*Asks:* 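Dumping the structure here so I can ask a few things about it.
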Amino acid sequence: MAEREKVAHLLRRATFGPTADEVDRAERAGYQATVEQLLAPDGADRGAGRTPAPKLGADPYTDLPKKPSREQRQRAQQARKEQVQQLTQWWVDRMVAADHQFTEKLVFFWHGHWATSVQKVKSAGLMLAQQETFRRDGRGDFGVLVRAMLRDGALIHWLDGQRNTRKAPNENLARELMELFTLGIGAYTEADVKGAARALTGWTVDRVDGTATFQQARHDPGKKTVLGRTGALDADALAGVILEQPAAKTFLPARLWFRFASGEPMPDGVRDRLSAAFAGHDVTALVRALLLDEQFATTGGQLVKQPVEWLVGAVRQLGVAAAADKQRKQLYQGLNRLDQVPFKPPSVGGWPSGTAWLNTFATQTRVQLAQALTAAASPAFLERLSAAPVAGRPEALARLLVVDAWTDRTRKVLAEAAKDAKKLTVLGLISPEYAVH
């Protein structure tokens, strides 16, 4: 594989959609140097600095009187909805603007991994606080992240942790902690779930300031047995017991492989190498091993872009400027129609993958979005495309959209539209080669 193809493959997976100029720079730097730049970028993220997190203020429901009227509740509900919309628009804007693209892509991965939905949590402030945890702790010791998430107000509320008391243990958070977040199915028993639930008792969520607080009177201080370890386990001790399990060494590597490398099962050799790299629970060391693994670069064409990846990548590559409110609304409504809105995963299992995103309705929606994106594309993008001879425009478009090559069938369709740069761009954005990377 040529160096340009290798770095293009890397950037398609590790960012939300590389521009042709970014691929040029990566080609000059070389593959390994590009990996290091992704993992430890130089300087401040000026793009993220231009898109600061919104100042949401208090949860609107905290200002309600003890016996609110129907109108007061409706106003608070509408204010909550507006906060959520503000937060969602901010994050999509930041995905586009961020210079440190892998940082943003990893936050998006964690959001799908610890899948928490604002539709139940209700509070935009709690969702923003959770994302700040991903940014702060998501690249270092996985144990630190696990312990932080067991204190996360949004996750506790999402999985009914605030209902987990010594008198009435609630198993939801304990079960998903082991099944979906750290170990996987088959690595624990029902007895382990019961013991873990008892270890997690006592945590509640303060709806005024959004913090999780520990109430000793609600905690079960007795001995519990979880995964072969017996003791007066609490949340921190439980996290330590879980991370000592052999399954913990392979579960996260497999999840990262699935989202960044291939929808196919991880080969045994890759599993062994990534597990060894993750022995110290260092997420960055694990990601470095993944991106540098010899089989990572040979898995091209096996991941379908999630709607957020497709949309944000297109906005970045077309150089779509800060859209007017009407255009912004159209783009966010498009994500809603494509069934992937940030902060609203469909379940604790996160979003689907692969061909689940490829259906007739999704194709129709992408056509509409591609037309809107192309209409808002930067003049520079269209000028670069139009500067190529008509016969060479399909290849020029492939370079701008960072597609390695068109199939003969797609190239024939593109060639027929090559005289019209905007029509050509729309067709490129909805092509199979662009949807699957």
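Computed from a predicted model, the values in this text were never measured in an experiment.
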*Asks:* Looking at Gln85, I want to see if its CD is surrounded by more than 12 non-hydrogen atoms of other residues, nucleotides or ligands under 6.0 Å.
*Replies:*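 It does not: Gln85 CD has 12 such atoms or fewer within range.
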*Asks:* Report, as yes or no, whether the 6.0 Å neighbourhood of atom CZ on Arg163 holds more than 12 heavy atoms from other residues, nucleotides or ligands.
*Replies:*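 For Arg163, atom CZ is not crowded (no more than 12 foreign heavy atoms under 6.0 Å).
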*Asks:* Above 12 or not: heavy atoms from other molecules or residues under 6.0 Å from CZ of Arg337?
*Replies:*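 Atom CZ in Arg337 is crowded, with more than 12 foreign heavy atoms closer than 6.0 Å.
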*Asks:* Using the side-chain hydrogen bond (donor to acceptor under 3.5 Å, both in side chains) rule, take Gln317 and Thr19 through it: C-alpha gap first, then chi angles, then the decisive distance, then the call.
*Replies:* CA-CA 5 Å; Gln317 291 168 338; Thr19 65; over 6 Å; no
*Asks:* Would you sort out whether Phe260 and Lys105 count as a side-chain contact (heavy atoms from CB on, under 4.5 Å), showing the intermediate values?
*Replies:* CA-CA 10 Å; Phe260 284 90; Lys105 191 72 175 284; 3.7 Å; yes
*Asks:* Is there a side-chain contact between Val348 and Asn172 (heavy atoms, below 4.5 Å)?
*Replies:*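 SC-SC contact between Val348 and Asn172 ruled out.
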*Asks:* Is the shortest distance from a Lys or Arg side-chain nitrogen in Arg411 or Asp408 to a carboxylate oxygen in the other one below 4.0 Å?
*Replies:*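 No, no charged N to carboxylate O under 4.0 Å.
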*Asks:* Show, in sequence, the C-alpha distance, side-chain angles and deciding distance for Glu22 and Val402, and conclude whether the side-chain contact (heavy atoms from CB on, under 4.5 Å) test is met.
*Replies:* CA-CA 10 Å; Glu22 288 170 342; Val402 193; over 6 Å; no
*Asks:* Are the aromatic rings of Phe16 and Phe108 close, with centres under 6.0 Å apart?
*Replies:*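 Yes, the ring centres sit under 6.0 Å apart.
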*Asks:* Would you find a donor on one side and an acceptor on the other, under 3.5 Å apart, between the side chain of Glu179 and the backbone of Glu176?
*Replies:*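 Side chain of Glu179 to backbone of Glu176: no pair is present.
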*Asks:* Is it the case that Arg80 places NZ or CZ above or below the six-membered ring of Tyr61, under 6.0 angstrom from the centre and within 45 degrees of the axis?
*Replies:*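 Yes, a cation-pi geometry.
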*Asks:* Judged by atom type as modelled, is there a donor-acceptor pair below 3.5 Å linking the side chain of Thr15 to the main-chain atoms of Arg12?
*Replies:*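 Pair absent, no side-chain N/O of Thr15 close to backbone of Arg12.
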*Asks:* Please check if the side chain of His100 supplies one atom and the backbone of Ala40 the other of a donor-acceptor pair under 3.5 Å.
*Replies:*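 Side chain of His100 to backbone of Ala40: no pair is present.
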*Asks:* Check the orientation of His113 and Phe142. Use parallel for under 30°, tilted for 30 to 60°, and perpendicular for over 60°.
*Replies:*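 Judged by the thresholds at 30° and 60°, the geometry between His113 and Phe142 is perpendicular.
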*Asks:* Ring centroid separation for His111 and Trp351, is it under 6.0 angstrom?
*Replies:*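 Ring centroids of His111 and Trp351 are less than 6.0 Å from each other.
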*Asks:* With a 6.0 Å cut-off (strictly less than), is the heavy-atom count around CD of Gln78, excluding the residue itself, greater than 12?
*Replies:*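 For Gln78, atom CD is crowded (more than 12 foreign heavy atoms under 6.0 Å).
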*Asks:* Tell me whether Glu171 is salt-bridged to Arg175, with the criterion being a basic N under 4.0 Å from an acidic carboxylate O.
*Replies:*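 Salt bridge present between Glu171 and Arg175.
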*Asks:* Please report the C-alpha distance between Arg259 and Ser353 in whole Å, then the side-chain angles of each, then the deciding distance to 0.1 Å, and finally whether the side-chain hydrogen bond (donor to acceptor under 3.5 Å, both in side chains) criterion is met.
*Replies:* CA-CA 8 Å; Arg259 287 299 185 184; Ser353 63; 4.7 Å; no
*Asks:* Do the charged groups of Asp141 and Arg147 touch, with an N to O distance under 4.0 Å?
*Replies:*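 Salt bridge flag = no for Arg147 with Asp141.
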*Asks:* Strictly below 4.0 Å, N to O, side chains only: are Glu3 and Arg28 in salt-bridge contact?
*Replies:*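 Judged by the 4.0 Å cut-off on N to carboxylate O distance, Glu3 and Arg28 do not form a salt bridge.
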*Asks:* Report the C-alpha distance between Asp272 and Lys249 in whole Å, list the side-chain angles of each, state the deciding distance to 0.1 Å, and finish with yes or no for salt bridge (charged side-chain N to carboxylate O under 4.0 Å, His left out).
*Replies:* CA-CA 10 Å; Asp272 293 342; Lys249 295 179 176 63; over 6 Å; no
*Asks:* Flag the pair Arg136 and Glu132 as a salt bridge only when some basic side-chain nitrogen lies within less than 4.0 angstrom of an acidic carboxylate oxygen.
*Replies:*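 No.
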*Asks:* Give the intermediate values and the outcome of side-chain contact (heavy atoms from CB on, under 4.5 Å) for residues Gln364 and Thr360.
*Replies:* CA-CA 6 Å; Gln364 294 171 343; Thr360 302; 3.9 Å; yes
*Asks:* Under 4.0 Å between a Lys/Arg side-chain N and an Asp/Glu carboxylate O for Arg4 and Asp24?
*Replies:*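 Yes.
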*Asks:* Does Asp268 come within less than 4.0 Å of Arg273, counting only side-chain N to carboxylate O?
*Replies:*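 No, no charged N to carboxylate O under 4.0 Å.
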*Asks:* Between Lys120 and Asp160, is there a side-chain N and carboxylate O pair less than 4.0 Å apart?
*Replies:*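 A salt bridge links Lys120 with Asp160.
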*Asks:* Any sub-3.5 Å donor-acceptor pair from Arg13's side-chain atoms to Ala261's backbone N or O?
*Replies:*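 Flag set: sc Arg13 to bb Ala261 pair under 3.5 Å.
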*Asks:* Ring centroid separation for Trp257 and Phe296, is it under 6.0 angstrom?
*Replies:*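 So the answer is no for these two rings.
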*Asks:* Let's go through Asp21 and Arg384 carefully: what are the C-alpha distance in whole Å and the side-chain angles of both, what is the deciding distance for salt bridge (charged side-chain N to carboxylate O under 4.0 Å, His left out) to 0.1 Å, and is it a yes or a no?
*Replies:* CA-CA 12 Å; Asp21 291 342; Arg384 290 176 72 175; 3.4 Å; yes
*Asks:* Taking Asp45 for the side chain and Ala98 for the main chain, is one N or O donor matched with an acceptor at less than 3.5 Å?
*Replies:*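 Pair absent, no side-chain N/O of Asp45 close to backbone of Ala98.
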*Asks:* Could you check whether any side-chain N or O of Trp158 sits under 3.5 Å from a backbone N or O of Ala115, counting only pairs where one atom can act as donor and the other as acceptor?
*Replies:*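 Yes: the side chain of Trp158 pairs with the backbone of Ala115.
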*Asks:* Please step through side-chain contact (heavy atoms from CB on, under 4.5 Å) for the pair Leu252 and Leu274, ending with a clear verdict.
*Replies:* CA-CA 9 Å; Leu252 185 61; Leu274 298 191; over 6 Å; no
*Asks:* When you check the gap from the basic side-chain N to the acidic O, do Glu27 and Lys6 get nearer than 4.0 Å?
*Replies:*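 Salt bridge: no.
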*Asks:* Using a 6.0 Å distance limit plus a 45 degree cone around the ring axis, check whether Lys305 lies over the aromatic ring of Tyr434.
*Replies:*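 Cation-pi check for Lys305 and Tyr434: passes.
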